[in-house]
Participant: 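The structure that follows is given in the form of structure tokens.
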Amino acid sequence: MLDIGVLVSGRGSNLQAIIDGIEAGKIDARIKVVISDNPNAYALERCKRHSIPSRVVRREEFKSKREFEEEMVRILKEEGVELVVLAGFMRILSPHFLENFPNRVINIHPSLIPAFQGLNAQRRAVEFGSKITGCSVHIVDESVDGGPVVVQAAVPVLPEDTEETLSERILRFEHRILPQTVQWFAEGRVRIEGRRVLVEGARYGTLPVNPELEKF
Ligand code: GRF
């Protein structure tokens, strides 16, 4: 049984996907604590409904980023957290935080990184005219959404897409790849060698093409 901590800032639909996976018996993990930096995050409601311990740690309550992060580390360590999951957590963690959980912090990002790292990834994919975007689960390092990739899902961009419709289509895959990654960690199948991550025993397939090819 893997003890995890989840960091959130908002809606918490990815948190919900993990909760659902655990309740359905598909993930051998326990959420020991959810930490939100935002007292109004809807994610906190989800915790209440599922009797999951949650804490609010606001950046404003601390003199420095370092002290803010130290408080989160203290809580996570106190709870014996072995894997930290960033699920819509809207802050960049410093190396100081990360060295407490080496290769054990993961994040979900709504693009095929390294494309569209940072904020508003879905809007930028629409504006850029990308034909395929998607979502990534990666190991968190000092870069912004640039750490070693565990899994990616490709999602087509349709001609009529808006930021909202594309975000919704990507989100459906976020809710699959993030819980799956947590389970891969729970099973001890994630091997990280530098930038390359291998999920032992996983099947690796081929990329879809969008728009569909006709004569070739
Ligand atoms: C998701 O799109 C995630 O990829 C990004 O922030 C959003 C969080 O959504 N990092 P939710 O709070 O999980 O609903």
Side-chain angles (χ1 to χ4, degrees), residues 4-24 26-27 29 31 33-50 52 54-59 72 83-93 97-98 105-128 130 132-157 161-185:
I4 70 171
V6 185
L7 270 51
V8 297
S9 298
R11 178 179 59 178
S13 70
N14 279 287
L15 166 67
Q16 187 69 52
I18 296 171
I19 295 172
D20 293 345
I22 291 172
E23 290 184 351
K26 294 194 233 171
I27 306 178
I31 302 178
V33 66
V34 171
I35 300 178
S36 175
D37 65 337
N38 168 14
N40 301 316
Y42 185 67
L44 294 166
E45 287 299 315
R46 300 181 192 270
C47 293
K48 279 197 202 115
R49 252 188 256 152
H50 293 267
I52 292 167
S54 64
R55 306 282 291 263
V56 175
V57 182
R58 298 177 64 215
R59 170 66 184 87
M72 292 193 289
L83 179 74
V84 179
V85 181
L86 309 187
F89 183 66
M90 300 304 285
R91 290 178 186 276
I92 312 297
L93 294 170
F97 178 100
L98 297 173
V105 182
I106 61 173
N107 181 44
I108 175 82
H109 183 73
S111 77
L112 294 175
I113 65 171
F116 310 120
Q117 290 155 319
L119 294 174
N120 306 316
Q122 304 95 326
R123 184 169 80 215
R124 285 155 59 213
V126 170
E127 285 171 359
F128 187 82
S130 295
I132 293 181
T133 181
C135 48
S136 310
V137 175
H138 65 91
I139 311 288
V140 177
D141 63 9
E142 310 81 87
S143 67
V144 178
D145 302 320
V149 176
V150 181
V151 54
Q152 294 184 310
V155 174
V157 183
D161 262 336
T162 61
E163 177 182 5
E164 289 70 33
T165 57
L166 178 61
S167 298
E168 179 54 36
R169 190 174 311 114
I170 295 172
L171 197 59
R172 287 203 286 272
F173 282 88
E174 295 184 35
H175 295 166
R176 297 173 64 186
I177 67 175
L178 186 59
Q180 174 68 78
T181 303
V182 174
Q183 176 59 5
W184 281 329
F185 271 94

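Numbering of ligands and ligand atoms starts at 1, following listing order. What's counted below: heavy atoms across the whole structure, side chains too, no hydrogens, waters or symmetry copies.
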Participant: For Ala43 and Val8, work out which heavy atoms get closest and say how close.
Facilitator: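 Shortest heavy-atom separation between Ala43 and Val8 comes out as CB-CG2, 3.6 Å.
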Participant: Just to confirm my output: which protein heavy-atom neighbour is closest to atom 11 (P) of ligand 1, and how far is it?
Facilitator: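 For atom 11 (P) of ligand 1, the nearest protein heavy atom comes out as Ser13 N, 3.4 Å.
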Participant: Give the residue and atom name of whichever protein heavy atom lies nearest to atom 8 (C) of ligand 1, and the separation in Å to one decimal.
Facilitator: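 Answer, as residue, atom name and distance: Gly88 CA, 3.6 Å.
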Participant: Pick, from Leu178, Ile170, Asn107, Ile108, the option with the minimum heavy-atom distance to atom 10 (N) of ligand 1.
Facilitator: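 Nearest option to atom 10 (N) of ligand 1, by heavy atoms: Ile108.
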Participant: I'd like to know if Glu45 pairs up with Lys48 as an ion pair, taking the criterion as any Lys NZ or Arg NE/NH1/NH2 lying under 4.0 Å from an Asp or Glu carboxylate oxygen.
Facilitator: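 Looking at Lys48 together with Glu45, the answer is yes, because their closest N to O distance falls below 4.0 Å.
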Participant: Looking only at side chains, do Asn38 and Ser9 share a donor and an acceptor under 3.5 Å apart?
Facilitator: no
Participant: Considering only the protein, which heavy-atom contact is closest to atom 12 (O) of ligand 1, and what is its distance?
Facilitator: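 Answer for atom 12 (O) of ligand 1: Gly12 N, 2.8 Å.
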Participant: In terms of atom number and element, which parts of ligand 1 are under 4.0 angstrom from non-hydrogen atoms of Asn14?
Facilitator: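 Counting atoms of ligand 1 from 1, those under 4.0 Å from Asn14 are 1 (C), 9 (O), 11 (P), 13 (O), 14 (O).
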Participant: If you count every heavy atom of other residues, nucleotides or ligands that lies below 6.0 Å from Arg176 atom CZ, does the total exceed 12?
Facilitator: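 12 or below, so no.
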Participant: Which of the listed options, Glu174, Arg11, His109, holds the heavy atom that is closest to atom 3 (C) of ligand 1?
Facilitator: Glu174
Participant: Let me know which of His50, Arg11, His175 forms a side-chain hydrogen bond (donor to acceptor under 3.5 Å, both in side chains) with Gln16.
Facilitator: His50
